[in-house]
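Side chains included, hydrogens not; waters and symmetry mates left out as well; all remaining heavy atoms used.
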Amino acid sequence: VITARTTRDETTGTFETVDSAGNLVLKTAKGRVAIPAPTSFSDPRKEGPRPMLLAIDCGNTNTVFSIWDGEKFLCTLRTSTHHARTADAYFTWYSTLIKHYGIKAEITDVIISSTVPRVVWNLRVFADRFFNCRPLVVGKPECRLPHAPRVDQGTQPGPDRLANAVAAYDRHGGNVVVVDFGTATNFDVVAEDGAYVGGVIAPGVNLSLEALHSGAAALPHVDVSQPEKVIGTNTVGCIQSGVFWGYTGLIEGVIARIKAEYGAPMKVVGTGGLAPLFEQGDDLFDTIEDDLTMHGLTVIHDYNKEQGA
């Protein structure tokens, strides 16, 4: 059953066919009715794939590819970061997964955020060779930001931190702290006008666990999880409690000190793989957004397009 609306009428009936003139033919209580097709009508079966943006976030541990169709992310692909991976290797991995998920994407633009400088060259070649485009690279002079960061002269904030600041301002306005759980745990401060104005860098949770395991031969490697109680009664429980409640205290303490120094009410946004885990422990965040960095990359891309970059 279909309800068709024109400027004057509304007709409900059962679909029968599309006639030679392109009119929609419905069977109604009053008989067969032909609904004039709008001049803007197009058959989606005859349309090619829409132009899309490939956003790439390369961190110290993982590299994430997300395809943005202008309204939503169609998929997110994740691989380990390796500086020796070639452009051909990236494309083989990417095209295999795209085919597996049945996604037809015509990538017309690429934007890259990378905290690992050595991988940027091969990602540039990947974009140029397989998508025939020159990628935007966050942090490079040719990539403009909606709001310039305000940090010490000569300091270059990480591109992921800049993307997080742009995304946080776009979604929440200013006066925001972003807590990003990655190889490092970053606290990014976004001013009222949207500028990134600094923050805090602490060792990441998994990095701390690796260091503990490597430096203390008798201590096993354990997964991060919320323990049932603070006082552990076995080695694994003691380590889990130390990591989980230790980092909970770190997050609470750093956020409290940032707010006190900043001197204005602030919203706290969590992102990164372990953010949902630490939300279970206490009321640490106002919201958790796992796509924050990727959203920031889409905003930066759109801003550069508007500026003619």
Side-chain angles (χ1 to χ4, degrees), residues 53-68 73-98 100-101 103 105 107 110-127 130 135-139 157-168 178-188 199 201-214 221-225 243 247 269-279 288-298 300-301:
L53 169 70
L54 178 60
I56 302 174
D57 176 29
C58 180
N60 291 292
T61 304
N62 292 316
T63 297
V64 180
F65 285 35
S66 287
I67 298 176
W68 174 254
F73 288 110
L74 298 183
C75 70
T76 296
L77 313 174
R78 187 180 299 268
T79 186
S80 59
T81 298
H82 197 292
H83 70 270
R85 183 174 282 124
T86 64
D88 291 345
Y90 277 117
F91 185 73
T92 300
W93 164 79
Y94 165 84
S95 58
T96 300
L97 289 180
I98 292 301
H100 171 75
Y101 289 117
I103 296 172
I107 302 298
V110 177
I111 185 168
I112 300 167
S113 164
S114 178
T115 58
V116 185
R118 294 176 70 185
V119 307
V120 173
W121 169 254
N122 282 328
L123 288 172
R124 283 184 181 271
V125 175
F126 164 75
F130 297 105
L136 276 172
V137 180
V138 180
D160 55 335
R161 308 184 80 177
L162 296 174
N164 284 343
V166 169
V178 177
V179 185
D180 188 355
F181 293 86
T183 305
T185 300
N186 292 332
F187 298 76
D188 304 321
I201 301 175
V205 178
N206 287 317
L207 189 64
S208 296
L209 279 171
E210 290 291 342
L212 185 65
H213 175 60
S214 299
H221 179 79
V222 302
D223 294 327
V224 183
S225 63
V243 171
Y247 268 87
V269 179
T271 191
L274 291 177
L277 172 65
F278 284 92
E279 177 67 6
I288 292 178
E289 299 171 8
D290 59 359
D291 66 342
L292 191 72
T293 306
M294 286 300 182
H295 177 69
L297 293 180
T298 68
I300 294 171
H301 167 263

*Would you mind reporting whether Asn122 and Arg85 have side-chain heavy atoms less than 4.5 Å apart?*
no

_Ignoring hydrogens, what is the shortest heavy-atom contact between Asn62 and Ser80? Give both atom names and the distance._
OD1-CA, 4.0 Å

*Any chance you could measure His100, atom NE2, to Cys75, atom SG, to the nearest 0.5 Å?*
11.0 Å

*Can you name the closest pair of heavy atoms from Pro276 and Gly273 and give their distance?*
CD-O, 3.6 Å

*Determine whether the side chains of Ser66 and Thr76 contain a donor N or O and an acceptor N or O closer than 3.5 Å.*
yes

*Please check if any side-chain donor atom of Tyr247 sits under 3.5 Å from a side-chain acceptor atom of Ser208, or the reverse.*
yes

_Do Leu77 and Val64 make a side-chain contact, defined as non-hydrogen atoms from C-beta onward lying under 4.5 Å apart?_
no

_Within the 4.5 Å heavy-atom criterion, are Asn186 and Asp160 side-chain neighbours or not?_
yes

*Can you tell me how far CG of Asn60 sits from OG1 of Thr115, rounded to the nearest 0.5 angstrom?*
4.0 Å

*So, for Ser225 and Leu277, which heavy atoms are closest and what is the spacing to 0.1 Å?*
CA-CD1, 4.1 Å

*Indicate yes or no: at least one non-hydrogen side-chain atom of Val119 is less than 4.5 angstrom from one of Ile112.*
no

_Less than 3.5 Å apart, any donor N or O on the side chain of Thr293 or Asn164 sitting next to an acceptor on the other?_
yes

_Taking Ala211's backbone N and O only, do any of them form a donor-acceptor pair with Ser214's side chain (distance below 3.5 Å, no angle check)?_
no

*With a 4.5 Å limit on heavy-atom distance, are the side chains of Val125 and Tyr90 in contact?*
no

*Counting distance only, does the side-chain N/O of Arg161 pair as donor-acceptor with the main-chain N or O of Phe187 below 3.5 Å?*
yes

*Gap between atom OG of Ser113 and atom CG of Leu162 - 0.5 Å precision*: 8.0 Å

*If you look at every heavy atom in Thr185 and Pro203, which pair is closest and at what distance?*
OG1-O, 3.7 Å

_Closest contact, heavy atoms only, Leu136 versus His301_ = CD1-CA, 4.1 Å

*Taking side chain as C-beta onward, heavy atoms only, is Asn206 less than 4.5 Å from Val224?*
yes

*Proximity of Phe65 and Phe126 rings by center, below 6.0 Å*: yes

*asked:* Applying side-chain contact (heavy atoms from CB on, under 4.5 Å) to Tyr94 and Ile56, what does each step give before you reach the verdict?
replied: CA-CA 12 Å; Tyr94 165 84; Ile56 302 174; over 6 Å; no

_For the CD atom of Glu289 and the CG atom of Asp180, what is their distance to the nearest 0.5 Å?_
12.0 Å

_For Val179 and Thr271: C-alpha separation, side-chain torsions, deciding distance, then whether side-chain contact (heavy atoms from CB on, under 4.5 Å) applies._
CA-CA 6 Å; Val179 185; Thr271 191; over 6 Å; no

*Would you say Val269 and Leu292 make side-chain contact, with heavy atoms under 4.5 Å?*
yes

*When rounded to the nearest 0.5 angstrom, what is the spacing between CD1 in Ile107 and CH2 in Trp68?*
13.0 Å

_If we ignore hydrogens and angles and just use 3.5 Å, is the side chain of Thr63 paired with the main-chain N or O of Cys58 as donor and acceptor?_
no

*Heavy atoms, side chains only, cut-off 4.5 Å: are Thr61 and Thr81 in contact?*
no

*asked:* On a heavy-atom basis, which atom in His295 and which in Phe73 lie closest, and how many Å separate them?
replied: N-CZ, 4.0 Å

